[in-house]
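Below is one structure, written out as structure tokens; the observations come after it.
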Amino acid sequence: MRTTGSRRLRLLAIAGTATLLGTGLAACGDSSGSGEGDTFVFGASAEPKLLDGAFVSDGESLRIVRQIFEGLVTTAPGKTDVRPQLAKSWTTSADGRTWTFLLHEGVSFSDGTPMDAKAVCANFDRWYHFTGVRQSPSVSYYWTTVFGGFAQNEDASLPKSLYSSCTATGGLTAVIKLARPSAAFLSALTLPAFSIASPAALKKYKADEVSGAAGSPRFTGTFGTEHPVGTGPYLLRSWERGNQLVLERNETYWGNKAKTKNVVFKAIPDGGARLQSLQSGGIDGYDLVDPADVKTLKDKGFQLLDRPAFNVGYVGLNQSTPLLKNPKVRQAIIHAIDRERLVKNNYPEGTLVAKAFMPPGVFGYADDVPEYQYDPARAKELLTQAGVTSPKIEFWYPTDVSRPYLPDPAAVFQLVKGDLEKAGFTVTTKSAPWTPEYLDVVQSGKAQMYLLGWAADYGDPDNFIGTFFQKSMPEWGFNNPELTALLDRAEALTNRDRRIEAYQEANRKIMEFVPGVPFVHTQQALAFRTEVQGFVPSPVQNEDFATVSLSTK
Amino acid sequence: MTAADPAPLRQRAAPPDTEQAGISLGRDAWRRLRRDPVAIVGAVLVLLFVAVAFLAPVLAPWGPTDTPGKDLVTPTNVPGPSTEHWLGLDNLGRDELSRVLHGARQSLVVGVVSLLFGAVTGSLVGLVAGSFGGRIDNLIMRLMDIMLAVPGLLFAIGLAALLGHSLTSVMIAVGTVNVPVFARLLRGSMLTQRSADYALAITSLGVRRRTLILRHVLPNSLSPVIVQGTLTLATAIIDAAGLAFLGLSGTDPGVPEWGRMLAETQRYLSSAPHLAIFPGVAIVLAALGFTLLGESLREALDPTYRR
């Protein structure tokens, strides 16, 4: 009895395993489509939210929007320089307020409607005329960031819109007028958030049906979930929420057609799980490689591609704290922190130690900003000069988060805290989960000293120091009219050389003022199987999957 | 294991002032403990743990936040054990041995304080229930049953999350989990004692109930509590490490704490496994010490386990 029982069990187990294996193999066969090299599986760090660029600001959504849609202009592969995309060329008027875009001929949306000047203007007018919850910065984040306001601002805190009008003069010429000159406008148009969608599809699939509150908008139309229609090299084939999103080659694409037939995006939030999935062959590549895994990946023979450093990590100092209002104290802090060691211990080899609030790759970077070497003795001396004895400070760090510029916030925090204590500060530890508590505390100006960083969206100094210091912000707690005026002037200049000079000047002013301690510009690594070719990491994550191919043996 | 504590012990365990002619229970237990190799191993581990906790600043070659290896460590290169750093360095260039040794203090403090909190509160609750009986007893014990019905660690996580990030809340959470355990234990053993012959005799002599309970019943009911206390120290250390691992402990990440050390170095598991192994071994050894000692103490004090 017993033996037969256990034998039966064993048989059952074998049968079960065989079935599992069988289905597993079948599934593998299914996903690789019509043959090897036809499907590229990418491990993303999160599920996309929506595939309508106008309403998203998260990298995972924009990564996919970038494949289905195109904008008037884009960035050069691996760089931040502006390149033509739907616009063949463009001119700007002498006053910098009128931009004329000449579009490519014969381009049509994937629903067959023509992509012409009328369609371009329809898109701009759509964004400009957003009402209700669509005006909330959390819904139309990039429009409010770049253009400020709308045709009719419903919230008094929104500024007057930078956008004024768009006219289609002739079939392929779109003229965009701005309310004031802005040199950052063109760079901003490289954002996938400003990509051109089919006006017919927007209407048909009710893209603008948005209800709910600003914090939790509900998109009731199907444009961004099932029917995103653009001009890009890929089409949405299927999106199984919680599992995967599949893109299919657009066979009628007007440019060079995509090399791989299908691209599959799998959301794997845990970095360790992404690594394991790559090792087991579940995915062909993934983003956001943990610096600690770099060696393992290299040893196992995977390729690692670095996204050029286009961010900054810094220690923020809030000058609404009386102690930090004293410039000597801020200088003491910057001298007290051993930034070289901080970067060496926590970031991948070759990571840049920051000396300003923007990385060297951006125009307007000044190599001759005032520098502050690690010098605890000098820090103590400065504190004495400032007449400060036993300074006390509350220092915040975020938990439950890993950003390219802060792969392990607690580790960075401990090193900075140790350095400050050596210089004579008494540091009180404060922490909170990244969203929403930590960002709330910092952005509302309640944190005296904090760890934060910024990853830029487009290649313009306005997106770095303009974002930080052009207007008085509670997190910095100071009002420096001289700096504000300088940055305002720099943004409006249309002569590139004079703009560069103005921003260099601003960078020097900022580092004289020491509003905080910038310490790192990190490059972020992506890992791929060796067969993957043609992926070009972009500093602003404007990455084209159409050029990716999988070599077959 | 708790309420079922056997009657034979109670019969032999006469009140201290009426010592029997033979050997006393205490001396008998001590005799057996000394001969039990398991007890000796447990005691050695516990003594080692306590000694390390007290002498950490003397024993540790570096301070817990000193970074002697700051120029050596990079994310892909965290040096393992060497002659200079016996347990290697951690991801910030701190000496791992010093961190593990200092971590013993934290674990001992959390373990002892939460144990005391749990044992004292639990015993008081049990004392009240055991001395009054009837409706009060019923009410209290049902409340304790409800607490016991929730898995311990889950209960502690909920409580610690509710009380906020601090060491105090961890100690309260871990302690609270043990309240019903001690309450049931003391009440059970008091009930048996109260119905024992000596209690009847004392009552018939006209001694007041309070004197009977505080002077005679309570002292005789305490030995299972002491045994349980030793065993609970082990789980308290593990629970505290578990909470720290889940991110529920003090806010200062620089304080060496075994559970947190495990959690923080998860990222380095493939490249620097020593960062996970040593704090893990420390937790195991400390918990093992208290468990072994507790089990042999129980055997020694409890005649039913007698060989």
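Because only heavy atoms are used, hydrogens play no part in the values below, and waters and symmetry mates are left out as well, while side chains stay in. Chain naming here is simple, since letters A, B, ... match the order of the sequence lines and numbering starts at 1 in each.
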* Given a strict heavy-atom distance threshold of 4.5 Å, which part of B:Thr74 is in contact with chain A: side chain, backbone, both, or neither? -> both

* **Pairwise side-chain contact, A:Gln414 with B:Pro253, heavy-atom cut-off 4.5 Å (strictly under)** => yes

* Asked: More than 12 non-hydrogen atoms from neighbouring residues, nucleotides or ligands closer than 6.0 Å to CD on A:Glu437, yes or no?
  -> yes

* Asked: In terms of heavy-atom contacts, does CD of B:Glu84 have more than 12 from other residues, nucleotides or ligands at under 6.0 Å?
  -> no

* Look at A:Gly272, A:Gly271, A:Ala411, A:Gly418 and state which one has the largest set of heavy-atom pairs under 4.5 Å with chain B. => A:Ala411

With a 3.5 Å cut-off and sequence neighbours excluded, list the donor-acceptor pairs that the side chains of residues 231-247 of chain B form with protein atoms.
residue, atom, partner, partner atom, Å
B:Thr232, OG1, B:Gln228, O, 2.6
B:Thr232, OG1, B:Gln228, NE2, 3.3
B:Thr235, OG1, B:Thr232, O, 2.9

* **Heavy-atom pair count under 4.5 Å with chain B, highest-scoring of A:Thr296, A:Thr428, A:Leu415, A:Asp299** => A:Leu415

* Please determine if B:Asp71 and A:Arg341 form a salt bridge, counting it only when a charged side-chain N lies under 4.0 Å from a carboxylate O. => no

* Asked: With a 4.5 Å heavy-atom cut-off, do A:Asp293 and B:Ser271 have their side chains touching?
  -> no

* To do: Start with the C-alpha gap between B:Asp252 and A:Lys417, add the side-chain angles, then the distance that decides, and say whether salt bridge (charged side-chain N to carboxylate O under 4.0 Å, His left out) holds.
  => CA-CA 10 Å; B:Asp252 190 348; A:Lys417 183 183 177 212; 2.7 Å; yes

* To do: Considering only heavy atoms, give the residues of residues 89-115 of chain B separated from chain A by less than 4.5 Å, sorted numerically, with 'none' for an empty result.
  => B:Asn91, B:Leu92, B:Arg94

* Asked: Any side-chain heavy atom of A:Asp338 sitting closer than 4.5 Å to one from B:Lys70?
  -> yes

* To the nearest 0.5 Å, how far apart are CD in A:Gln276 and OG in B:Ser270? -> 9.5 Å

* Given that the side chain runs from C-beta out, which part of A:Tyr397 has a heavy atom under 4.5 Å from chain B: side chain, backbone, both or neither? -> side chain

* To do: Would you mind telling me which of A:Val427, A:Thr399, A:Asp290 has the largest number of heavy-atom pairs within less than 4.5 Å of chain B?
  => A:Asp290

* **Whether over 12 other heavy atoms sit under 6.0 Å from A:Lys422 NZ** => yes

* Determine the minimum heavy-atom distance between A:Ala292 and B:Arg267, stating which atoms define it. => CB-O, 3.6 Å

* Please name the pair of heavy atoms, one in B:Pro75 and one in A:Pro348, separated by the smallest distance, quoted to 0.1 Å. => CG-N, 4.2 Å

